[in-house]
Amino acid sequence: MVNGAPGSAWASLRVAAGGADEERMLAGTPSAQDDTPLLADHLFDLASLTKVFTTVVALRLVEQGIVVLDAPVEDLVAVGTGAEAARITLRHLLTHTAGLPPECALWRDGVTGESLRDGVLRSELRTPPGAAHAYSDVGFIAVGEILERVSGRSLESLVGDVATELGADALTWHPDPERAVATEEQPHRGLIRGQVHDELAHALGRPAGHAGLFGTLDDVAALARMIRDDGVGARSRVLSPGSIRLMSAPVARAETGYGQAVGLRVRDQAWMGDTDAVGHTGFTGTCFAVCPESGGFGVLLVNRVHPTRVDTDVSAIRREFLHPIAGRVDAPTRPR
């Protein structure tokens, strides 16, 4: 454990209420078998934080008029099977309300590549679109396919543009294993280091909208700052304030009680505690949260699944870490 968290590595950056001084910490090593001290340029498997970068790309294309948030996506990419699948919109997919299952288990049967992609997109709906919230990797894989179709560009290229404007210069789908932080040791894959941990993403074999990005502490902090600063990135505006409001205003409620906005969770007490914030987690141990009212934000990256995912809940650690970002202060002036 490092700082009480399971795994070998800890990287954190926290800006308390008021948005002033940064508190940064790097501790541990990239794996239990590598005693190199953890450095700022080490890359973590961001897992489902990938969904947030995918959301940013989607909203940029919406702003540009290339895709419509509330139009059925059937004419672009056929998503889901069932009587009402034709009603699925991009908004449904980005808010986990399309009625799709959480995952596609075909990879367990050895299905890979395009055959797996086709199986994912043919997933049977469990509820009608818009009827209920159900967190879904399948939905965000579909988002990635839609973005590629409407733009004529790869998801990797689209996310690369966002990373450049954010100043997330190390963000990548193809990490150097020596710079990557290790995740799980699995019977069929061995120690995973420099490859995506998510089994479905690994079996797909190419960038997907739900998981697969690797990044440094500063890459995720650049994303958090952009959300805090109403869409302004380190190098240019990334999103409009209106798009940031879409990412911050809940439109559905999960069974566990948190609010679901476009791409982000709102006031998820399980890991945010009583902090009034928006953010996201990743299965490997990553998370970030932004408190728009106070100007505070926090990024915590740990490899909690290393070397095993058993008994590695970090919810309490996340709550304690994020608590200082809350608080009522006079809001600092934001760039426009």
Side-chain angles (χ1 to χ4, degrees), residues 46-80 85-100 103-104 113-114 116-123 129 135-166 168 171-174 196 198 200-201 204-215 219 223 226-227 231 233 236-240 242-244 246-247 260-264 280 282:
L46 300 182
S48 283
L49 299 195
T50 301
K51 293 180 175 72
V52 186
F53 288 97
T54 300
T55 298
V56 173
V57 171
L59 290 175
R60 280 162 62 89
L61 295 183
V62 169
E63 289 181 9
Q64 294 164 14
I66 295 173
V67 65
V68 178
L69 198 57
D70 291 312
V73 301
E74 185 182 42
D75 291 340
L76 303 172
V77 175
V79 179
R87 293 203 297 111
I88 293 174
T89 67
L90 184 59
R91 190 190 298 269
H92 288 139
L93 295 169
L94 293 171
T95 57
H96 300 283
T97 57
L100 292 163
E103 64 170 351
C104 176
E114 291 304 299
L116 180 56
R117 168 200 173 275
D118 292 343
V120 169
L121 295 177
R122 290 197 305 269
S123 295
Y135 185 81
S136 175
D137 286 347
V138 170
F140 266 78
I141 293 171
V143 172
E145 296 288 333
I146 292 164
L147 301 183
E148 291 188 334
R149 182 70 57 86
V150 299
S151 67
R153 299 174 60 197
S154 69
L155 182 62
E156 182 172 0
S157 174
L158 293 167
V159 171
D161 286 351
V162 166
T164 296
E165 295 181 21
L166 283 173
L171 197 71
T172 182
W173 304 89
H174 311 289
V196 59
D198 182 88
L200 180 53
L204 284 167
R206 64 182 179 90
H210 73 300
L213 278 171
F214 286 72
D219 292 331
L223 175 65
M226 185 274 292
I227 293 168
S236 63
R237 177 170 286 283
V238 179
L239 290 175
S240 70
S243 288
I244 298 300
L246 288 175
M247 296 181 73
Q260 178 70 58
V262 172
L264 291 179
H280 213 288

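The figures that follow rest on heavy atoms only: side chains count, while hydrogens, waters and symmetry mates do not.
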- Message: Please enumerate all residues that pass side chain to side chain donor-acceptor pair (under 3.5 Å) together with E63, with sequence neighbours excluded.
- Response: S240, S243

- Donor-acceptor under 3.5 Å (T97 side chain, L93 main chain): no

- Residue set satisfying salt bridge (Lys or Arg N to Asp or Glu O under 4.0 Å) with D75, at least two apart, ordered chain then number -> none

- Message: Using modelled atom types and a 3.5 Å cut-off, is there a donor and acceptor pairing between side-chain atoms of D219 and backbone atoms of L171?
- Response: yes

- Note on the structure: Sequence neighbours excluded, the answer for salt bridge (Lys or Arg N to Asp or Glu O under 4.0 Å) partners of D161 is R153

- Compare every heavy atom of A85 with every heavy atom of V79, then report the nearest pair and how far apart it is. O-CB, 3.7 Å

- Rounded to the nearest 0.5 Å, what's the gap from CG on L49 to OG1 on T55? Could you check? 11.0 Å

- For T50, what residues pass the side-chain contact (heavy atoms from CB on, under 4.5 Å) criterion, not counting sequence neighbours? T54, W173, L213

- Message: Main chain of P129, side chain of R87: is a donor-acceptor contact present, judged purely on distance under 3.5 Å?
- Response: yes

- Query: Does S136 have any side chain to side chain donor-acceptor pair (under 3.5 Å) partners at least two apart in sequence or in another chain, and if so, which?
  - Reply: none

- Quick one: side chain to side chain donor-acceptor pair (under 3.5 Å) partners of S151, sequence neighbours excluded? none

- Query: Which residues satisfy the salt bridge (Lys or Arg N to Asp or Glu O under 4.0 Å) test with D198, sequence neighbours excluded?
  - Reply: none

- Query: Does H92 have any ring pair (Phe, Tyr, Trp, His ring centres under 6.0 Å) partners at least two apart in sequence or in another chain, and if so, which?
  - Reply: none

- Query: Of all heavy-atom pairs between Q260 and L94, which one has the smallest distance, and what is that distance?
  - Reply: NE2-O, 4.2 Å

- Under the ring pair (Phe, Tyr, Trp, His ring centres under 6.0 Å) test, which residues partner F140, sequence neighbours left out? H96

- Scanning both residues in full, the closest heavy-atom pair of V196 with A201 reads CG2-CB, 3.9 Å

- Item | With sequence neighbours excluded, residues passing side-chain contact (heavy atoms from CB on, under 4.5 Å) with V150 | L61, I66, V67, L76, I146

- Task: Mind checking salt bridge (Lys or Arg N to Asp or Glu O under 4.0 Å) for R206 and listing every partner two or more places apart, or none if nothing turns up?
- Result: E114, E145, E148

